[in-house]
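Everything below concerns the one structure shown next.
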Amino acid sequence: MSTLIENLKNVRACIHAHKNEHNAAQTVTLLAVSKKKPSSAIKEAFDAGQTAFGENYLQEALDKIETLKKLPIEWHFIGNMQSNKTREISTHFDWAHTVDRLKIAKRLSDQRPSHLPPLNICIQVNIDNEPSKAGIPEGDILALAKDINALPNITLRGLMAIPKPIDTNEANNNDHAFARMQQHLSALQAQLGGKNSSDKNIGESNIDTLSMGMSNDMGLAIQHGATIVRIGTAIFGERT
Ligand SMILES: *Cc1c(COP(=O)(O)O)cnc(C)c1O
């Protein structure tokens, strides 16, 4: 068995184990982050049953999407969002995880081709208030979510974050970044509707996604309700 296939099996087993320990009914989707890795590696993972892939760099991603266009891959954009990239993202991707401005969301909605279903969107939260990272402050989530939820050609699915490396001593602390993200998703579902919302009259329940957890912290993220983990290195090896 190749290293990649073995890694993929190990990551799946790890997700499964953490999920069962926490909540066996939870859906956790593995997003394979293939940035800086060749199309041949994506094809190999696809042949082993992996269908969702995440890319950060637009031009690199478009080249791979073109090369692999015969495969029914679900493409997720997880890189930095800029206005001049929205048309290509809206045309070629199924998901965008890093939306942090209404202007960007409006462009994605306006530019979504009419023959495609709405683009799935997550709002990126700068959960540790790091100046180097994109995302909105925690306090702005609800207002932006309400505005985005009203746009026609995108579907707000939930929240995404890239926390600082989490000290394992903090893992039992309900105030660490993953725990707070879980609380923010619940609050959003309570306000806008979602599968855990108790008010069934609240409208469409499309808010079901917490995109968090990478190679080094996927277990803790799953414990705190991650529904999409974004895993690169543990599947494809170190990037150069
Ligand atoms: C690169 C990247 C990942 C994957 O990180 P690994 O540590 O390689 O698993 C996940 N999410 C985002 C936003 C990334 O840029």
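No experiment lies behind these values; they were computed from the predicted model shown. Position 1 is the first residue of the sequence; numbering continues from there. Atom set for the values below is all heavy atoms of this structure, side chains included, hydrogens, waters and symmetry mates excluded.
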Shortest non-hydrogen contact from [X] to [Y]?
{"X": "S211", "Y": "H97", "result": "OG-ND1, 2.8 Å"}
{"X": "A45", "Y": "L4", "result": "CB-CD2, 3.9 Å"}
{"X": "G232", "Y": "R239", "result": "CA-NH1, 4.1 Å"}
{"X": "L159", "Y": "C122", "result": "C-CB, 4.2 Å"}
{"X": "I78", "Y": "L31", "result": "CG2-CD2, 4.1 Å"}
{"X": "T86", "Y": "L108", "result": "O-CD2, 3.6 Å"}

Legend entry - Enclosure of R87 CZ (heavy-atom neighbours >12, cutoff 6.0 Å): no
Inset, instruction - Can you establish whether the number of heavy atoms outside N80 located under 6.0 Å from its atom CG is more than 12? - result: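 Check fails, neighbour count at 12 or below.
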According to the salt bridge (Lys or Arg N to Asp or Glu O under 4.0 Å) rule, which pairs have a member within [range], sequence neighbours left out?
{"range": "residues 151-162", "answer": "R157-D208"}
{"range": "residues 34-51", "answer": "K43-D47"}
{"range": "residues 220-232", "answer": "none"}

[X] side chain vs [Y] backbone, donor-acceptor pair below 3.5 Å:
{"X": "E21", "Y": "N23", "result": "no"}
{"X": "S109", "Y": "A105", "result": "no"}
{"X": "H76", "Y": "G54", "result": "no"}
{"X": "N120", "Y": "D94", "result": "yes"}
{"X": "D217", "Y": "M214", "result": "yes"}
{"X": "Q189", "Y": "I207", "result": "yes"}
{"X": "N153", "Y": "D110", "result": "no"}
{"X": "S215", "Y": "A234", "result": "yes"}
{"X": "R12", "Y": "L30", "result": "no"}
{"X": "T233", "Y": "E238", "result": "no"}

Legend entry - CA sep, side-chain torsions, deciding dist, call: K9, E6, salt bridge (Lys or Arg N to Asp or Glu O under 4.0 Å): CA-CA 5 Å; K9 276 191 151 183; E6 205 163 309; over 6 Å; no
Does a side-chain heavy-atom distance below 4.5 Å link [X] with [Y]?
{"X": "V125", "Y": "R180", "result": "no"}
{"X": "T29", "Y": "T227", "result": "no"}
{"X": "Q111", "Y": "T91", "result": "no"}
{"X": "Q223", "Y": "L220", "result": "yes"}

Is [X] linked to [Y] within one hydrophobic cluster, defined over Ile, Leu, Val, Met, Phe, Trp and Tyr using a side-chain heavy-atom separation of less than 4.5 Å?
{"X": "I228", "Y": "L188", "value": "no"}
{"X": "V33", "Y": "L58", "value": "no"}
{"X": "I73", "Y": "L116", "value": "no"}

Distance from [X] atom [atom1] to [Y] atom [atom2], nearest 0.5 Å?
{"X": "I235", "Y": "T3", "atom1": "CD1", "atom2": "OG1", "answer": "13.5 Å"}
{"X": "R107", "Y": "S90", "atom1": "CZ", "atom2": "OG", "answer": "10.5 Å"}
{"X": "H22", "Y": "N20", "atom1": "NE2", "atom2": "CG", "answer": "11.0 Å"}
{"X": "H224", "Y": "Q183", "atom1": "NE2", "atom2": "CD", "answer": "9.5 Å"}
{"X": "I222", "Y": "M212", "atom1": "CD1", "atom2": "CE", "answer": "9.5 Å"}

Inset, instruction - Measure up the F178 and H176 rings against each other and bin them: parallel (under 30°), tilted (30 to 60°), perpendicular (over 60°). - result: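 Rings of F178 and H176: perpendicular, as their planes differ by over 60°.
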Legend entry - Residues in ring pair (Phe, Tyr, Trp, His ring centres under 6.0 Å) contact with F93, at least two apart in sequence or another chain: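 F93 satisfies ring pair (Phe, Tyr, Trp, His ring centres under 6.0 Å) with F77 only.
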Legend entry - E66/K69 salt bridge by N-O under 4.0 Å criterion: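 Yes.
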Inset, instruction - Would you check if there is a donor-acceptor pair between the side chains of E55 and S34 at a distance under 3.5 Å? - result: yes
Per-pair distances, 0.1 Å, donor-acceptor, side chain in residues 127-135, under 3.5 Å, sequence neighbours excluded:
{"residue": "D128", "atom": "OD2", "partner": "K164", "partner atom": "N", "Å": "2.7"}
{"residue": "E130", "atom": "OE1", "partner": "K133", "partner atom": "NZ", "Å": "2.8"}
{"residue": "K133", "atom": "NZ", "partner": "I162", "partner atom": "O", "Å": "3.1"}

Legend entry - Selection residues 41-62 - residue pairs positive for ring-ring contact (aromatic ring centres under 6.0 Å, His included), sequence neighbours left out: none
